[in-house]
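Comments concern the structure below.
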Amino acid sequence: MVDFSKIEKKWQKRWEQKKVFKVKENNKKKFYVLEMFPYPSGSGLHMGHAFNYTIGDIYSRFKRMMGFNVLYPMGYDSFGLPAENAAILAKEHPKKFTENSIKNFIRQQKELGLSYDWDRLLMTHTPEYYKWNQYFFLKFLENGLVYKSKASVNWCSKCDTVLANEQVHNGKCWRHKDTDVETKQLEQWFIKTTKYADELLKDIEKLQWSERIKIMQENWIGKSYGTEIEFEIFEDVKDKEFVFLHAYGDSSKDAFWLWLRKEIENKGGRVSFSPDLPNTNNPQYKEQSEFVLNNYNFNENSIVIGHSLGNILMMKLLSSGRIKIGKLIMVAPPLPTKERIISGKAFIDNKPRPALSNYCDWKFDFNKIKENVRQIFILVDKNDHIVPINQPMEIANKLEAQIITAMGNKTHYNGEKEEEVLNLLFRKWKIFTTRPDTLFGVTFMVISAQHPRLHEIVTKEQKKEVDNFLRKIKSTKKEDIEKLDKEGVFTGSYALHPLTNQKIPVYAGNFVIAEYGSGMVMAVPAHDQRDFEFAKKYNLKIVNVIEPVYSQDTEPGKIVDGLPFDHRDAIIAIVKHWSEEKYIGLKWKKVVWGTFITGGIEKNQTPEEAAKIEIEEETGYLNPKLIKDFGRVHGRFYHVPKKINRFAHAHVLYFELQNSKQKNISEAEKEIHEIKWLNLKELEKFLTPTTHKHALRMLNCTQEAYVDEGILTNSEKFNGLNSEEAKIKITKELENKKIGKLTVNYKLRDWLISRQRYWGTPIPIIYCDSCGIIPVQEKDLPVKLPDKVKFGKGNPLTTNKKFLNVKCPRCKKNAKRETDTMDTFFDSSWYFLRYCDNKNNKKPFDTMKTNYWMPVDQYIGGAEHACMHLIYARFFTKALRNMGYVNIDEPFIKLFNQGMLHGEDGFVMSKSRGNVVLPEAVSKEYGIDTARLFLISGAAPDKDMEWSSKGIDGSLRFVRRLIDYVSNVKMGKTSRKVESKLNKTIKDVTQDIEEFKYNLAIIKIRDLFDSLENEISKKDLEKFLKLIHPFCPHITEELWEKIGNKKFLSLEKWPEYDESKIDIKFEQAEKSFNNLVSDITNVINVMKEKQGKEFSKVYVYSLPNEVNNYNSKELSIKVNKDVIVYSVSDKNKYDPENKSKKAKPGKPAIFLE
RNA sequence: GCGGGAGUGCCGGAGCGGUCAAACGGGUACGGCUAAGGACCGUAUGGCUUAGUGCCUACGCAGGUUCGAGUCCUGUCUCCCGCACCA
């Protein structure tokens, strides 16, 4: 019948030839519609893709017709792992593979009739594009937004590469839901996204995005306010042997680090102090070593702090295996390279030091040293004017020692007091807490077991145990760790409580996140569930510092608003039976209350005394024995008998009756309450006030921490404050002591961009042995990805020597390239800017052009990128703004998240599931316009939608009827009725499309179509076609041409509506018409069923002013009978039963015959 | 655990506090048009009732606000999604 594919081809060709959708910057108002560009998968497009693109295409076509200069581009996110993996499988080069896929994609997208400006095509795998990735990387580097760092990173063994934090979902790789992410310690490139954490969070409110996505981003950034507190972490130095080994030159033995000696001795350590080593002007190893061995004791616990030549002596001694020690701290070691020594220019000043060559012959046995000392630290002065920094670095590498470069107060850290040296022994560790009010409840510390600096605080004694623990953790999957018990192990180190100076143990734990805060937490077992569980497991001290406060918000005793609170010290006495497991409950007679024994504390009374008196008064029992004091609980409630709001501060005391001795209770007491003996279960139901329920929980020893806020206790001068006040005051106190401050913490981490894979943008960095890490110079960009590499194990780029080996841009010596590539999210973080100026080969883009087009007015894409792409792109925009490249704060003002298309089996349509429907197939049978129509009429485009091969029939019917109608309609005049409806529909549809309510728009268009009559004016018919055009572009173009138009409908103006032509009267008329139809059929049915009568003629009697509402022809068609319409006033009407009398406004009378 | 969203006829899904037995589409049934139709057109599709009427039962469940609730509020159940030991 209709050859859809012929029509489609015809118009697609014409659009392309005439460049109908090509845009340039001009004076018109711009509108930038953007769909998240696709990854060009090898399997091509299916209906799910068609669904996504149709949503954007409709919007673009609509906006274009609305008169906007619409930028609607398409491109491909063509770097990435799948291509690499698929290419390896298919033994095809990723480039060829990718470019084939893209070709396929473009063809298929063109067949969908999408109105892209194809001249703006971009592909991220082309050097023309990724050159600018490299360029931005270098710019970020210049601006301090890039750094390289060793960190514990997420590793996916299937991807064979690291993953960014955002790419780990539920402990699994975002691509491989079945692959556990491992942690590895690796040196990687990071982008400082955290620098913009605050702005990224703050600007969320500027975005017209769905609340859902906004909240997801907020949670991801995860800002929390709290206090940073410095804890001193130290090894227990008691009875430990320290040896200070200076050696060389001019410092006197008395002046050398006396301050440090004092610090150590204060903590119980023993310090042996070396005088200058013998004969330092011509040092001989033999002489000096004998001297040291004779004078000092070394054992596996001793800590040697070496300085100057003392370091070299120690390294020699350790090489020889003659001693074994615990820790070696090398402060400012003179460690020139062998070449330098031989050349006689050991140090920066180039003065020869022949003495050194006697000794520092570089014949160290590094493995031996590692064997004989447990921990090595090297401390290097940043501004050392003698020893070049890279020399100790080399040593540190060989020894796997930690190197710290920091400026000393005096050269070589010979100042009065050197914090950096001290820190190696007694390190300061900042921790973050949101609950400084619980500071006095800290009874231990927990450092993350994954913390890269954990080993620094593990002592010799605990090393084995810690190692065992770490091994255990490593062998458990990340997924299981979350379900695992809180576990840990003592590190051997202690922390000093900043306010009480108590010594508290430091544990390594599996439940602390290494990357959040400082990776160590202060543990408050009484008020944190995790810490509580940990403390229970390892029998650690639990100190209660927060007393609960309850507010009664249910009857009885619900707080009455507005009444002031009467404070009162009180007791809650739990009294146990002398022989049974039962407790006394008081049932109140005038109120519906059930409580324990309770009462106030008078002046000069202890809580125990007060409780005993209450017990005697209220129950008569004479011999209660105090067993346990549960501390206080505070309750705000309305005291019903006394008619006041009360704030009771109650001591909870637990008594056991020694015997049944009882005196008589006064009548007055008897009237207030009665005594009940209840077991624990009964009490649960019986007790009404929340404070008493709390007391019961304490009696039950509930295995829970009290984590809410409350009133401080056991907190010295902060006792009695509520949590809110205490947080402020304790933080202030810490600030005064300079060991804490108010601070903000984010969950957001820096963005790890290194990927150990081939198919990505090479990171433009060169490693030079002499110059270190050198960025590639801008003029040398792009660093092209070489074609020839070997895939297999490890990073493919290392297999291309031509790529790998370069000359250092600075010193021209041989150097090596960085072989990691960038995360492909880097590519997609700025592609929307490149579309604005995609052919520029001088700059990433012309700012004039981005200023015109940006920001993207309408972004369309899936919600799965809420915390990945969308955060990166927002970060990029802000960073580029600060660097002067763009003038906007946010890239995407409006965001629309489309739903997913499901296959007929109910699952998301995907190739791997095998439920895909191919557009080509559908197009052949139904036409792509029909498919488009069906896709968006099923459900709102932001909801998931199920494909149905039956459902599409409905759309096909509509399209056919439409063609049929336009082909046969008589051009003439439009009736007022149709005109009214048309204008109303234009109004509604315009708004619906604007709001992406395509499904509703279609309903209204169909409704209008049903009301169209056999005659219509050309103008109105055109308006009607325009309304449908965004949904069905090919068919409408064809019909548009058919009715005699030469220009493209695609470029026509969207119809405007005329409010004055919208007449509700017509709607009412339509309604009464429909009512009439249903009335008639109703009667026909009733009569047929009831009396078996059949009628062939219908007479309708309408009020005279409404008679035009009821067209007999239309009625006849509707009810499928002959219908004759009379006006009631018509004298010649046929009305044998005088039914016309029954006619009412909007409701004509009927007679059947 | 925290956060977000949703529960409406056989199905997909519409539903400004009143005009809702519920749009539109699909399915199903019946009828018409036809040589025939899986094409097209019409009717029906909670129950009872009626010459075009009226009533009842219905929007997960239970309450509440209101003259009036599918629509607002509270609680509850179920489902979906996101984050998850974030100190």
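Below, read A as the first sequence line, B as the second, and so on, with proteins coming before strands; counting in each chain starts at 1. Keep in mind that this is a model prediction, so the values were computed, not measured.
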Distance between the C1' atoms of B/U19 and B/G70, in whole angstroms?
15 Å
When the distance from CD1 of A/I221 to C1' of B/C86 is rounded to whole Å, what number comes out?
14 Å
Judged by whether its glycosidic angle lies within 90° of 0, B/G9 is syn
Given B/A87, B/C24, B/C41, identify the nucleotide with an atom nearest to the side chain of A/I1003.
B/C24
With C1' as the reference atom in both, quote the distance from B/C10 to B/C81 in angstrom, rounded to an integer.
28 Å
Quick one: look up who B/G25 pairs with, Watson-Crick or G-U, both distances under 3.5 Å, and put none if it's unpaired.
B/C11
With rounding to whole Å, what would you report as the distance between B/U66 and B/G15 at their P atoms?
28 Å
For a quick check of understanding: with a heavy-atom distance under 4.0 Å over all strands, which category does A/G954 fall into, base, sugar-phosphate or nothing?
sugar-phosphate
Salt bridge flag under 4.0 Å for residues A/K214 and A/E211
yes
Does B/C30 pair with anything, Watson-Crick or G-U wobble, both distances under 3.5 Å, and if so, with which nucleotide?
B/G42
Start at the 5' end of RNA chain B and walk down; is the nucleotide closest to A/R212 or to A/D528 reached first?
A/R212
Nearest-angstrom distance from the residue atom NZ of A/K486 to C1' of B/A87:
12 Å
The side chain of A/R957 lies closest to which of these nucleotides: B/G26, B/C85, B/G3?
B/G26
Select base, sugar-phosphate, or nothing to describe what A/S937 touches, counting heavy atoms under 4.0 Å on all strands.
nothing
Using a cut-off of less than 4.0 Å, is there contact between a side-chain N or O of A/R749 and OP1 or OP2 of B/C86?
no
For the residue pair A/F534 and A/F511, is the inter-centroid distance of their aromatic rings smaller than 6.0 Å?
yes
For B/U74 versus B/A87, give the span between their P atoms, rounded off to a whole number of Å.
27 Å
Base, sugar-phosphate alone, or nothing: which one does A/L1000 contact when heavy atoms must sit under 4.0 Å apart?
sugar-phosphate
For B/C85, the Watson-Crick or wobble counterpart (both distances under 3.5 Å)
none
Which part of the nucleic acid, if any, lies within contact of A/V446, taking any heavy atom under 4.0 Å across all strands shown: a base, the sugar-phosphate backbone alone, or nothing?
nothing
How about A/Y926 and A/F4: are their ring centres within less than 6.0 Å of each other?
no
Measure the distance from CZ on A/R1006 to C1' on B/G12 and round it to the nearest whole Å.
13 Å
Which word best sums up how the rings of A/Y1099 and A/Y1126 line up, parallel for under 30°, tilted for 30 to 60°, or perpendicular for over 60°?
parallel
For B/G3 and B/U8, measure between their C1' atoms and round to the nearest Å.
27 Å
When you measure from the side chain of A/I215, which nucleotide among B/A87, B/C24, B/G3 comes out closest?
B/G3
Can you check the A/W220 CH2 to B/C2 P distance for me, whole Å?
20 Å
With A/I447 as reference, evaluate A/V512, A/I457, A/V521 under the side-chain contact (heavy atoms from CB on, under 4.5 Å) test and give the passing residue.
A/I457
Comparing A/F511 with A/S955, nearest RNA chain B nucleotide closer to 5' gives the residue A/S955
Between atom CE in A/M216 and atom C1' in B/C2, what is the gap in whole Å?
14 Å
Does B/U66 have a Watson-Crick or wobble partner in any strand here, with both distances under 3.5 angstrom, and which is it?
none
Parallel, tilted or perpendicular for A/F896 and A/F996, by the 30°/60° rule?
parallel
Hey, are A/D964 and A/R960 close enough for a salt bridge, meaning a charged N less than 4.0 Å from a carboxylate O?
no
Using Watson-Crick geometry (N1-N3 plus N6-O4 or O6-N4) or G-U wobble (N1-O2, O6-N3), each under 3.5 Å, B/A36 is paired with none
Expressed as a whole number of angstroms, how long is the span from A/I963:CD1 to B/C40:C1'?
15 Å
Atom C1', compared across B/G60 and B/U43: separation rounded to whole Å
33 Å
Rounded interatomic separation in angstrom, taking CG from A/N219 and C1' from B/G3:
6 Å
To the nearest Å, give me how far apart OH (A/Y746) and P (B/C83) are.
21 Å
Among B/G52, B/C85, B/C81, which nucleotide has an atom closest to any side-chain atom of A/I1150?
B/G52
Look at all strands and tell whether A/P1148 reaches a base, only sugar-phosphate, or nothing, counting heavy atoms closer than 4.0 Å.
base
With side chain to side chain contact (heavy atoms under 4.5 Å, CB included) as the test, would you mind laying out the steps for A/K472 and A/N510 before giving the verdict?
CA-CA 10 Å; A/K472 184 176 165 191; A/N510 63 356; over 6 Å; no
For B/A39, does the base pair up with any side-chain atom of A/R960 as donor and acceptor (N or O, under 3.5 Å, distance only)?
no
Base-pairing assignment for B/G17 (Watson-Crick or G-U wobble, both under 3.5 Å):
none
Between B/A62 and B/C77, how far is it from one C1' atom to the other, in whole Å?
10 Å
May I ask which nucleotide in the shown strands pairs with B/C79, Watson-Crick or G-U wobble, both distances under 3.5 Å?
B/G5
Base, sugar-phosphate, or nothing: which does A/K943 touch, judged by heavy atoms less than 4.0 Å apart?
sugar-phosphate
Establish, with yes or no, whether the OP1 or OP2 oxygen of B/A87 is under 4.0 angstrom from a side-chain nitrogen or oxygen of A/S224.
yes
Distance test, side-chain N/O of A/K997 to OP1/OP2 of B/A23, below 4.0 Å
no
A/F51 ring center near A/W947 ring center (under 6.0 Å):
no
Just to be sure I understand the rule, does A/S948 reach a base, reach only the sugar-phosphate, or reach nothing, if contact means heavy atoms closer than 4.0 Å?
nothing
Rounded distance in Å between the P positions of B/G42 and B/C24
12 Å
Indicate, with a heavy-atom threshold strictly under 4.0 Å, whether A/A863 touches base, sugar-phosphate, or nothing.
nothing
